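Computed from a predicted model, the values in this text were never measured in an experiment. Just so you know, these numbers use all the heavy atoms, side chains as well, and skip hydrogens, waters and symmetry mates.
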Amino acid sequence: MTKITTINPATEETIASYELMSKEAAFEKIDAAHTAFLGWREKTHEARAPYLRDIASGLRDNAEELAQLMTAETGKLLRDGLTEVELCAQIFEYTADKGPTELADEERTHSGGKKRSIVAYSPVGVIYSIQPWNFPIYQPVRVLAANLMAGNAVILKHAALCTGSGLKLLDICSKAGLPEGLFDVLLIDHDVSDEIIEHDRIRGVTMTGSDKAGRHIGQKATQNLKKSVLELGSNDAYLVLDDADVELAIKTCVQGRIYNNGETCVSAKRFVVTEAVYDEFVSGFVDQMKAITMGDPTSEDTQLGPVSSQEQFDTLVEQVEKSIAGGAQLLCGGDPAESVGQYFPATVLANCQPGTPAYDDELFGPVASIIKARDNEDAMRIANDSRYGLGGGIFSRDEDKALRLARDHFDTGMIRINSFGAADPNMPFGGVKDSGFGREHGGFGMKEFINVKSIYLP
């Protein structure tokens with residue numbers, strides 16, 4: 001591959017083509033990032049904050065253009081793109097506001113409390129950020145904002161199909177006054193990317209994507225003694241317990257399954273429903289999924305746009321077919337029409353069985369997997385019967401009980417109670433098991449790639 005070509009999944013029209021960089025050109029950008037870092041690390045946290053606020057303003061000033069570009073490259077609904085831009089602006093502002101306190105020196109004592117000591121949070125250098133296409137601005141921003149505040153430089157390798165979005169983010173940062181080289185974008189293939197991980201100037205690697213890709217990148221980082229943060233896929237379970245508000249559960253679970261065209265790592269994907277409310281939930285859920293309006297992602301009336309690419313479309317077709325062959329019952333959808341664009345209808349599979357994609361894997365698109373549980377205890381068992389552990393949800397009228405289940409029994413990183421949502425700047429984001437390790441947001445991301453220094457005073 002010598003170039004990247006981006007294609008609109010709604011129209012199948014070519015958007016743009018970009019020449020790939022040579023390894024030498026990519027390495028030059030890393031060296032420039034290191035040089036920029038040497039100056040940036042000298043600034044105080046308070047001095048870095050205005051740059052982040054200026055980037056937030058730049059994002060808002062370019063919100064319409066950014067949203068249109070993201071929609072063209074990935075098929076996401078235009079209004080969701082606008083929401084994404086605003087979230088990114090808020091992340092920069094949150095980081096600017098909270099960073100100086102989160103990263104301030106901590107006064108401690110040593111020698112039995114008799115002598116003074118300091119814990120200092122120092123930047124380490126250039127961080128390599130490998131990001132996916134489903135949130136073309138948010139994914140790189142959550143790494144960029146935290147590491148700029150920490151004092152690091154960031155090099156981004158974005159997903160090929162949203163190359164334009166990555167370059168637009170770079171342009172906004174440059175125009176906001178961010179020092180040249182402190183953030184840059186590489187247009188490279190996977191082989192060069194592996195060599196970037198090995199580069200002496202790279203001090204940390206963060207990646208969001210599939211668990212397969214995460215294993216490769218994590219192993220490559222570990223081989224080179226580089227710390228990594230991996231936010232990988234999931235098949236998040238949403239539990240509908242005996243005492244759930246079923247009407248609320250149905251409405252929320254539909255929203256959680258089709259949000260961002262179903263292409264979200266923390267989408268509601270598996271719906272584990274107890275026998276007591278199973279029939280009521282399934283009937284209402286299927287009715288609402290059937291009523292979803294699929295079409296032009298730029299239209300205000302559209303609820304579901306195309307999936308991001310032909311490859312993603314083909315993967316969904318195969319996963320649904322294998323799940324049905326393995327015993328799942330198709331309740332609606334699952335029969336994409338032959339037409340222009342990668343449109344996959346809202347689909348519901350029931351009676352999903354272990355050993356099939358609908359039970360075991362991540363279905364990255366608007367396909368819901370329903371699994372019947374005997375009771376609340378069985379529902380939690382099924383929810384945890386997964387190699388993944390990123391997010392999840394619990395529907396119960398007893399919030400205290402739901403909180404106890406979430407805290408003490410749900411083996412996952414983020415749990416929503418009687419609600420659905422993707423991310424919040426004030427709460428940590430990340431998972432366990434094959435969903436990766438490390439945390440972003442909530443102040444935690446600012447401390448992932450820093451040197452925690454113990455300084456002993458006499």
Side-chain angles (χ1 to χ4, degrees), residues 4-18 62-88 131-141 158-169 208-210 233 254-269 289 291-320 333-347 362-368 422-423:
I4 293 169
T5 300
T6 53
I7 297 173
N8 188 322
T11 65
E12 300 183 12
E13 295 172 346
T14 296
I15 302 169
S17 290
Y18 308 87
N62 289 271
E64 189 68 34
E65 182 181 353
L66 268 175
Q68 289 176 353
L69 179 57
M70 288 191 287
T71 294
E73 289 187 323
T74 70
K76 68 165 60 238
L77 300 187
L78 182 62
R79 62 177 176 272
D80 286 346
L82 290 168
T83 300
E84 180 175 340
V85 175
E86 176 57 27
L87 173 61
C88 291
Q131 298 303 325
W133 45 260
N134 56 328
F135 290 92
I137 301 298
Y138 163 72
Q139 297 284 6
V141 157
H158 216 338
L161 65 83
C162 60
T163 298
S165 295
L167 293 173
K168 183 62 179 176
L169 176 61
T208 298
S210 70
V254 169
Q255 174 197 14
R257 180 61 288 207
I258 68 165
Y259 172 67
N260 203 51
N261 299 334
E263 297 170 313
T264 307
C265 51
V266 288
S267 283
K269 298 185 176 83
M289 288 286 277
I292 295 296
T293 301
M294 182 171 64
D296 179 1
T298 66
S299 171
E300 279 294 321
D301 297 329
T302 298
Q303 297 170 286
L304 180 64
V307 295
S308 63
S309 66
Q310 182 69 53
E311 180 183 7
Q312 195 64 33
F313 180 91
D314 292 343
T315 297
L316 277 177
V317 169
E318 180 181 1
Q319 289 177 314
V320 169
D335 54 345
E338 291 188 10
S339 62
V340 174
Q342 311 308 322
Y343 288 95
F344 199 98
T347 298
E362 179 174 40
L363 275 59
F364 216 58
V367 181

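Proximity of Pro366 to Pro345: side-chain heavy atoms (C-beta onward) are nowhere separated by under 4.5 Å. Here the side chains of Arg257 and Lys269 are in contact, with some heavy-atom distance below 4.5 Å. For the pair Pro136/Leu66, no side-chain contact is recorded, criterion being any heavy-atom separation below 4.5 Å from C-beta on. Proximity of His158 to Thr163: side-chain heavy atoms (C-beta onward) are nowhere separated by under 4.5 Å. When side chains are defined from C-beta on, Thr74 does not count as touching Asn134, because their heavy atoms never get closer than 4.5 Å.
Summarising the geometry of Ala10 relative to Pro297, their closest heavy-atom pair is CB-CD, 4.0 Å, with the distance given to 0.1 Å. Nearest heavy-atom pair, Trp133 versus Ala159, reported as atom, atom and distance to 0.1 Å: N-CB, 3.6 Å. For the residue pair Thr6 and Glu73, the shortest heavy atom distance occurs at CG2-OE2, 4.0 Å. Closest heavy-atom contact between Gly365 and Leu316: CA-CD1, 3.8 Å. Of all non-hydrogen atoms in Glu84 and Tyr138, the two that sit nearest each other are OE2-N, 3.0 Å. For the residue pair Met289 and Ile258, the shortest heavy atom distance occurs at SD-CG2, 4.1 Å.
Atom-to-atom distance recorded for Glu263:CD and Ser309:OG is 7.5 Å, nearest 0.5 angstrom. Remark: Arg79 CZ to Thr302 OG1 distance equals 7.0 Å, nearest 0.5 Å. Within the model, atoms CD of Gln303 and OG1 of Thr293 stand 4.5 Å from one another, a figure rounded to the nearest 0.5 Å. In this structure, the separation between OG1 on Thr315 and CD on Gln310 is 10.0 Å, given to the nearest 0.5 Å. Interatomic distance, Asn8 CG to Ile15 CD1, rounded to the nearest 0.5 Å: 5.0 Å. Taking CD of Gln255 as the start and CD1 of Ile292 as the end, the distance is 10.0 Å to the nearest 0.5 Å.
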Gln342 and Gln312: CA distance, side-chain angles, deciding distance, side-chain contact (heavy atoms from CB on, under 4.5 Å) verdict: CA-CA 8 Å; Gln342 311 308 322; Gln312 195 64 33; over 6 Å; no
Going through the checks in order, is the side-chain contact (heavy atoms from CB on, under 4.5 Å) test met by Leu78 and Glu64? CA-CA 9 Å; Leu78 182 62; Glu64 189 68 34; 4.1 Å; yes
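A search for side-chain contact (heavy atoms from CB on, under 4.5 Å) contacts involving Thr264 returns Phe135, Tyr259, Asn260, Val266, Ser267, not counting sequence neighbours.
Within a 6.0 Å sphere centred on CD of Glu311, heavy atoms belonging to other residues, nucleotides or ligands number 12 at most.
The side chain to side chain contact (heavy atoms under 4.5 Å, CB included) test with Gln139 is passed by exactly one of Pro132, Cys88, Ser165, Cys162: Pro132. Test Leu304, Asp335, Asn261, Val367 against Phe344 for side chain to side chain contact (heavy atoms under 4.5 Å, CB included) and you get one pass: Val367.
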